[in-house]
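Input: a single structure, listed below in structure tokens.
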Amino acid sequence: MSTPLDVDGTVVCDTMEIPHKVNLLGLSTSKLVEFFESIGEKRFRAIQVQKWIHQNGFDNFDAMSNLSKSLRARLGEIAEIRAPNVIQQLNSKDGTRKFLIGVSGNNIVETIFIPDGDRGTLCVSSQVGCSLDCSFCATGKQGFNRDLSVAEIIGQVWIVAKSFGQLDPKANRTVTNVVMMGMGEPLLNFDNVVDSMNLMMDDNAYGLSKRRVTLSTSGVVPALDRLGEHTDASLAISLHAPNDRLRNELVPINKKYPIAMLLDSATRYIEGLPDNRRKITIEYTLIDHVNDRPHHAYELAELLREVPVKVNLIPFNPFSLVNYQRVSNKALRAFQDILTKEGFTTTVRTTRGDDIDAACGQLAGSVVDRTNRSGRYHQQQDNNQIEPINILHN
Ligand code: SAH
Ligand code: SF4
């Protein structure tokens, strides 16, 4: 039977936690196989269970009809399938949905679903907060709290896929793309992010194409250098400036790993992929009169001339605590025109989910919230601008 999650679900869950059970949701394919072998079961059992968990959204062994009754009972004793809790789901007027996900330690991260025609892109968080402190980012202003576990990262996909009835052919919403562009710097939570992305692309789990799972990084070069040994997901680089002087101001990690080093590493990664037609996505957040002038666009074109890239321009999303302003439409178009004329495929990310603070860079979290966004959220609720919905679990 379905029961609505209550708003304080995280706390309830924490008190019910059974520490000795292995949470199978958080196991990569190889670790799941290892687990089954450790209890004397063959590999194919692990795959059967993996399909029940990720393809069917099950969190209950009793319902896994192709397992023997005794195995189901045994699994119930030693294992569990435990996703983080959905604390709240908010719907934007434009169809964007924001899931506030409660993770242990009374933290909240955000997962955003952005529908666009027959595509559904899920923006997934990798950390609670972020230590890199980019000057224009609300998550950075929150500071770093902790890494998310695999269960908490893949759990975001599990929750959303399940809430949309992913496997139901009549379901009109589904997750087709995942971008690691929520809260946190994915390369600073390397192992858990790699395991989670590999599950997203595993045919026995979510089966997403490697072109449709994207890791976004602000440039942790040593980790990027070894990424290719572990995954073949797509890559986005958060560049935001055409030279080191400006990038040092906007993205402080640039002082440690400057642009040339970063672009070299990213090129090695993309050229090392088996599918050699792929390009690095360059993300460039346009901030009024900071990095949006025509001379910045020309300098960017020069910088990227020999690099296999496409460019995604992101209008800066303003939030309290910073004085930056959103780029004007005129400057945005001029910037795009220059890059296009210089031969770059250049897209503009339209701002989505603005009314529920779900747009990029607004993922600051609501618990350890130094940006007063939770206050704004309650105000919006009072004004009936958003519609809170409880997710149903089976
Ligand atoms: N840490 C990773 C991924 C999370 S940030 C990274 O930096 O790439 C995801 C994207 O949102 C990045 O390109 C980031 O630069 C951008 N972003 C952050 N704050 C923003 C803001 N206020 N407005 C627009 N984009 C922003
Ligand atoms: Fe961290 Fe990315 Fe925000 Fe920079 S832009 S502070 S790396 S989440």
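In each ligand, atom 1 is the first atom listed, and ligand 1 is the first ligand listed. Computed over heavy atoms, backbone and side chain alike; hydrogens, waters and symmetry mates excluded. Keep in mind that this is a model prediction, so the values were computed, not measured.
The protein non-hydrogen atom at the shortest distance from atom 1 (Fe) of ligand 2 is Cys130 SG, 2.3 Å. Regarding atom 7 (S) of ligand 2, its nearest protein heavy-atom neighbour is Ser218 OG, 3.4 Å.
Under the 6.0 Å cut-off for aromatic ring centres, Phe44 and Phe36 do not qualify, their centroids lying 6.0 Å or more apart.
Ligand 1 lies less than 4.0 angstrom from a heavy atom belonging to Gly184. Heavy atoms of Gly184 approach ligand 2 to within less than 4.0 angstrom.
Classification of the Phe136-His240 ring pair by plane angle, with boundaries at 30° and 60°, yields perpendicular.
Numbered from 1 in the order shown, with element, the atoms of ligand 1 that lie under 4.0 Å from a heavy atom of Ser238 read 6 (C), 7 (O), 8 (O), 12 (C), 13 (O), 15 (O). Near Glu283, with a cut-off below 4.0 Å to any heavy atom, the atoms of ligand 1 are 10 (C), 12 (C), 13 (O). Distances below 4.0 Å separate heavy atoms of Phe136 from the following atoms of ligand 1: 15 (O), 17 (N), 18 (C), 19 (N), 20 (C), 21 (C), 22 (N). For ligand 1, the atoms sitting less than 4.0 Å from at least one non-hydrogen atom of Ile314 are 24 (C), 25 (N), numbered in the order shown with element in parentheses. Against a heavy-atom cut-off of under 4.0 Å, Thr217 is close to the following atoms of ligand 1: 6 (C), 8 (O).
Only the backbone of Met180 comes within 4.0 Å of ligand 1, judged by heavy-atom distances. Under 4.0 angstrom from ligand 1, the non-hydrogen atoms of Met181 come from both its backbone and its side chain. Proximity of Leu132 to ligand 1, defined as any heavy-atom pair under 4.0 Å, is not found for any part of the residue. For Asn317, heavy-atom contacts with ligand 1 shorter than 4.0 Å involve the backbone as well as the side chain. Contact annotation for Thr217 and ligand 2: no heavy atom of the residue comes within less than 4.0 Å of the ligand.
Distances from atom 1 (Fe) of ligand 2 show that Cys137 has no N/O/S atom below 2.8 Å. The distance from atom 4 (Fe) of ligand 2 to the nearest N/O/S atom of Cys134 is under 2.8 Å.
Between Asp62 and Arg72 there is no salt bridge, since none of the side-chain N atoms of the basic residue sits less than 4.0 Å from a carboxylate O of the acidic one. Salt-bridge formation is not detected for the pair Arg226/Glu229: no Lys NZ or Arg NE/NH1/NH2 atom is positioned less than 4.0 Å from an Asp or Glu carboxylate oxygen.
The heavy atom nearest to atom 5 (S) of ligand 1, out of those in Ser218, Gly182, Cys137, is found in Gly182.
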